[in-house]
Amino acid sequence: MEANQSQAHLQEHLRIIRRGVVDMIENRELEERVAESIKTGKPLRVKFGMDPTSADLHVGHAVPLRKLRAMQQLGHHIVLIVGDATAMVGDPSGRNKLRPPLSRAAVEENLKTYVDQAAKLLDLSKTEIRRNTEWFDQMSFEDVLKLCGRMTVARMIERDTFQKRIADNEPIGIHEFLYPLMQGWDSVMVRADLELGGTDQLFNLLRGRDLQREEGQRGQICFTTPLINGLDGRKMSKSYGNAITFNDVPEDMYGKVMSIEDGVMREWYTLLTDVSEREIDELLAGHPREAKARLAQEITTQFHTREAALKAREAFDRRFRDKEIPEDVPEVAWPAGASGGVQLMALLKDLGLCASTSEAKRLIEGGGVRLDNEVHKDPRAMIQAPQQSLLIQAGKRKFVRVQAPS
RNA sequence: GGGGAGAUACCGAAGCGGUCAAACGGGACGGACUGUAAAUCCGUUGGCUCUGCCUUCGGCGGUUCGAAUCCGCCUCUCCCCA
């Protein structure tokens with residue numbers, strides 16, 4: 001009886017851990033160690049590293065973080081490595097350009113916001129947070145050389161990332177070769193049982209496994225989650241401007257999810273929500289718009305509140321489905337002098353709706369500007385200060401209500 | 001250390017003395033269609049005191065009436081040889 005129970009328990013653990021996972025090196029070992037952990041009551045040490053190389057986390061980062069939370073809820077121990085040392089090197093994985101080393105100051109800056117953002121998904125009170133400068137700052141040059149001796153150039157440059165750069169005649173910095181070794185060394189230092197990363201991390205994860213073995217430890221189990229594509233289908237990245245970030249306001253977050261391709265819904269449901277497989281099937285069998293709305297709501301709720309997500313949904317429906325004016329149009333003061341008018345294009349720039357007059361001009365000529373719901377196409381039209389107020393719409397998303405000057 | 005190739009707008013990539021604010025593709029933005037999906041079509045894509053003017057083609061100088069295009073030096077990258 002008890003044996004059956006723990007067997008069921010094991011299967012449940014494995015199901016949760018494996019959901020959405022791409023690589024699992026090795027599955028057999030996973031089963032063994034999870035079973036062992038359940039039997040002994042000793043939690044597994046699950047390592048995950050985040051490098052503070054930019055200021056904002058996006059939902060792509062949420063995939064592994066959610067996995068960690070799930071494992072945390074199963075009672076396992078999460079070791080979050082804040083890679084302040086590795087961030088200075090910069091992970092070359094998936095990079096087609098040389099990564100210049102980051103300064104310590106820049107890293108510190110990003111670090112501040114990082115942990116706060118991770119806290120939206122992880123229970124930090126149960127998370128062990130370690131900076132890897134803790135050990136890397138202690139290393140002597142000799143230690144570094146010894147570590148370098150653990151890896152050959154041939155093995156390093158057989159990686160796709162480097163092959164591609166070589167083919168494209170892109171530079172590769174020597175320091176970039178150190179990254180996988182550093183990440184691997186982290187595993188040795190925290191005695192990880194498992195390490196999680198994106199699919200682009202497999203090489204780095206496996207270095208940890210190797211190094212641990214060389215150091216007489218059990219090699220960690222390495223598993224990966226998919227990288228999520230951004231809104232335009234390219235890899236999600238803040239620098240592409242195609243990301244949904246943890247800090248997006250509910251309305252943006254909801255709206256951005258609504259604009260993803262139908263084809264990725266299953267993946268997003270699997271990786272970014274807890275909706276069951278069966279329910280996902282049902283949702284996807286129905287109208288795509290409904291399925292997406294639910295998805296948007298699920299995701300928004302995770303980073304904000306249920307109420308905020310509902311409000312976002314209402315606002316979204318009003319604006320885009322019913323094509324009505326949004327509720328919360330910001331009110332601004334008439335920017336020009338009280339007397340006389342302003343050219344429309346200048347007005348848009350003054351109100352901050354466009355970055356430059358030229359941009360405003362283009363937008364106007366392209367038919368993207370409405371005043372009190374009327375399309376205006378003449379950028380030079382003189383606009384007089386309104387008697388009451390004037391509703392300006394620039395593009396699909398930007399609304400502003402200008403108040404009469406007093 | 002020697003030899004060769006290259007650096008162009010957000011990205012890729014043409015241009016190789018004037019007609020270049022710079023072809024083309026991608027991306028982005030706007031419009032039509034729609035479910036802020038996909039596909040498709042159209043337009044825009046340096047700035048401004050906007051039918052003209054100003055600043056752009058790695059940096060600094062030079063030649064020329066005139067340079068992204070020619071010359072010199074510098075910086076960076078790649079390749080080959082040692």
Side-chain angles (χ1 to χ4, degrees), chain A residues 95-100 157 162-174 176 229-244 248-269 283-284 286-297 299-300 312-326 336-337 340-350 353-371 373-382 392-399:
Chain A
R95 282 272 172 164
N96 53 15
K97 283 260 191 314
L98 176 85
R99 277 192 89 157
I157 60 174
F162 291 136
Q163 282 303 323
K164 191 164 182 315
R165 280 212 227 160
I166 289 166
D168 294 346
N169 287 346
E170 285 289 338
I172 298 173
I174 298 282
E176 296 183 87
N229 282 137
L231 305 174
D232 54 6
R234 291 185 291 170
K235 179 182 163 186
M236 187 176 289
S237 159
K238 216 191 150 208
S239 46
Y240 289 156
N242 64 359
I244 301 179
D248 277 344
V249 297
E251 285 71 23
D252 286 346
M253 191 175 272
Y254 187 94
K256 284 179 181 179
V257 176
M258 287 305 282
S259 77
I260 64 171
E261 289 174 37
D262 288 359
V264 301
M265 280 201 279
R266 178 177 294 279
E267 184 182 32
W268 283 49
Y269 263 115
L283 284 160
L284 292 183
H287 188 90
R289 190 184 189 281
E290 287 314 307
K292 209 175 284 177
R294 168 74 186 280
L295 178 64
Q297 213 172 323
I299 291 172
T300 307
R313 174 176 195 156
E314 283 163 19
F316 178 89
D317 285 348
R318 180 175 15 255
R319 192 185 305 179
F320 296 107
R321 188 191 57 196
D322 308 331
K323 304 218 186 321
E324 286 177 13
I325 312 295
V342 216
Q343 287 194 329
L344 180 53
M345 57 184 182
L347 181 62
L348 292 178
K349 192 202 164 195
D350 291 343
L353 295 170
C354 295
S356 67
T357 344
S358 307
E359 188 186 309
K361 186 179 170 189
R362 279 179 235 128
L363 187 65
I364 296 162
E365 288 174 341
V369 173
R370 292 162 190 263
L371 302 181
N373 247 346
E374 293 282 324
V375 175
H376 278 241
K377 287 200 165 187
D378 178 9
R380 273 177 250 287
M382 293 303 284
I392 304 181
Q393 180 177 2
K396 287 189 268 219
R397 301 164 196 222
K398 293 180 200 157
F399 289 84

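What you see below is based on every heavy atom in this structure, not just the backbone, and it leaves out hydrogens, waters and symmetry mates.
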Undergrad: Roughly how far apart are A:Arg397 CZ and A:Glu251 CD, rounded to 0.5 Å?
TA: 12.5 Å

Undergrad: Once you round it to whole Å, what is the distance between C1' of B:G35 and CG of A:Asp317?
TA: 11 Å

Undergrad: Are the side chain of A:Arg313 and the backbone N or O of A:Ala293 linked by a donor-acceptor pair below 3.5 Å?
TA: no

Undergrad: Rounding to an integer number of Å, can you tell me how far A:Leu353 CG sits from B:C29 P?
TA: 16 Å

Undergrad: Let me know the distance between NZ of A:Lys349 and C1' of B:U49, rounded to the nearest Å.
TA: 11 Å

Undergrad: Whole Å only: how far is the CZ atom of A:Arg318 from the P atom of B:G35?
TA: 19 Å

Undergrad: Just name whichever nucleotide pairs with B:C29, Watson-Crick or G-U, keeping both distances under 3.5 Å, else none.
TA: B:G43

Undergrad: Within this structure, what is the NE2-to-C1' distance between A:His287 and B:G35, rounded to whole angstrom?
TA: 5 Å

Undergrad: Does A:Thr357 reach a base, just sugar-phosphate, or nothing at all? Heavy atoms under 4.0 Å.
TA: base

Undergrad: Can any side-chain N or O of A:Lys256 pair as donor or acceptor with the backbone N or O of A:Ala243 at less than 3.5 Å?
TA: yes

Undergrad: Would you check if the side chain of A:Glu176 reaches a backbone N or O of A:Gly173 as a donor-acceptor pair within less than 3.5 Å?
TA: yes

Undergrad: Which whole-number value in Å describes the distance from A:Lys256 NZ to B:A37 P?
TA: 16 Å

Undergrad: Using the C1' atom as the point on both nucleotides, what is the distance between B:G18 and B:C50, in whole Å?
TA: 25 Å

Undergrad: Has A:Gln163 got a side-chain atom pairing as donor or acceptor with A:Ile157's backbone, closer than 3.5 angstrom?
TA: yes

Undergrad: Quick check for you: to the nearest 0.5 Å, what is the distance between A:Tyr269 atom OH and A:Leu295 atom CG?
TA: 5.0 Å

Undergrad: Hey, which sits more toward the 5' end of RNA chain B by its nearest nucleotide, A:Pro288 or A:Glu359?
TA: A:Pro288

Undergrad: Taking any strand in view, what nucleotide pairs with B:U69 in a Watson-Crick or G-U wobble way, both distances under 3.5 Å?
TA: none

Undergrad: What interatomic distance, in whole Å, is found between P of B:C60 and the corresponding atom of B:A37?
TA: 45 Å

Undergrad: Quick test: give all pairs of protein nitrogen or oxygen and nucleotides 30-33 of chain B nitrogen or oxygen below 3.5 Å, distance rounded to 0.1 Å.
TA:
from: B:G30; atom 1: O2'; to: A:Gly366; atom 2: O; distance (Å): 3.1
from: B:G30; atom 1: O2'; to: A:Gly368; atom 2: N; distance (Å): 3.4

Undergrad: Roughly how many Å is it from CG in A:Leu284 to C1' in B:A38, rounded to a whole number?
TA: 16 Å

Undergrad: Could you work out which one of B:A37, B:G47, B:G35 sits closest to the side chain of A:Ser358?
TA: B:G47

Undergrad: If we take the C1' atom in both B:C16 and B:C29, what is their distance in whole Å?
TA: 33 Å

Undergrad: When you measure from the side chain of A:Ser356, which nucleotide among B:A37, B:G35, B:C48 comes out closest?
TA: B:C48

Undergrad: Listing time: all N or O pairs from protein to nucleotides 76-80 of chain B that are below 3.5 Å?
TA:
from: B:C78; atom 1: O2'; to: A:Asn169; atom 2: OD1; distance (Å): 3.0
from: B:C78; atom 1: O2'; to: A:Asn169; atom 2: ND2; distance (Å): 3.1

Undergrad: Tell me which of A:Arg289 and A:Glu365 sits closer to the 5' end of RNA chain B, going by the nucleotide each one is nearest to.
TA: A:Arg289

Undergrad: Say you pick atom P in B:A38 and the same atom in B:U49; how far apart are they, in whole Å?
TA: 36 Å

Undergrad: Give a yes or no on whether the backbone of A:Leu353 and the side-chain of A:Lys398 come within a donor-acceptor separation of less than 3.5 Å.
TA: yes

Undergrad: Suppose you measure atom C1' in B:C70 against the same atom in B:U40; what distance do you get, rounded to whole Å?
TA: 47 Å

Undergrad: Measure from the side chain of A:Arg380, starting at C-beta and using heavy atoms only, and say which of B:C50, B:G35, B:G47 lies closest.
TA: B:C50

Undergrad: With no hydrogens and no angle check, is any side-chain donor or acceptor of A:Lys292 less than 3.5 Å from a backbone partner on A:Ile260?
TA: yes

Undergrad: Could you work out the separation of B:C10 and B:G1 based on their P atoms and round it to a whole Å?
TA: 36 Å

Undergrad: State, without any angle test, whether A:Arg380 and A:Gln343 hold a side-chain donor-acceptor pair at a distance under 3.5 Å.
TA: no

Undergrad: In whole Å, what separates the P atom of B:A28 from that of B:C76?
TA: 35 Å

Undergrad: Among the candidates B:A37, B:C48, B:C50, find the nucleotide nearest to the side-chain atoms of A:Met345.
TA: B:C50

Undergrad: The test is side chain to side chain contact (heavy atoms under 4.5 Å, CB included); show your working for A:Ile166 and A:Ile172 and say whether it passes.
TA: CA-CA 8 Å; A:Ile166 289 166; A:Ile172 298 173; 3.9 Å; yes

Undergrad: Round to the nearest Å and state the distance from A:Asn229 atom CG to B:A37 atom C1'.
TA: 15 Å

Undergrad: Work out how far the P atom of B:G31 is from that of B:G6, and round it to whole angstrom.
TA: 44 Å

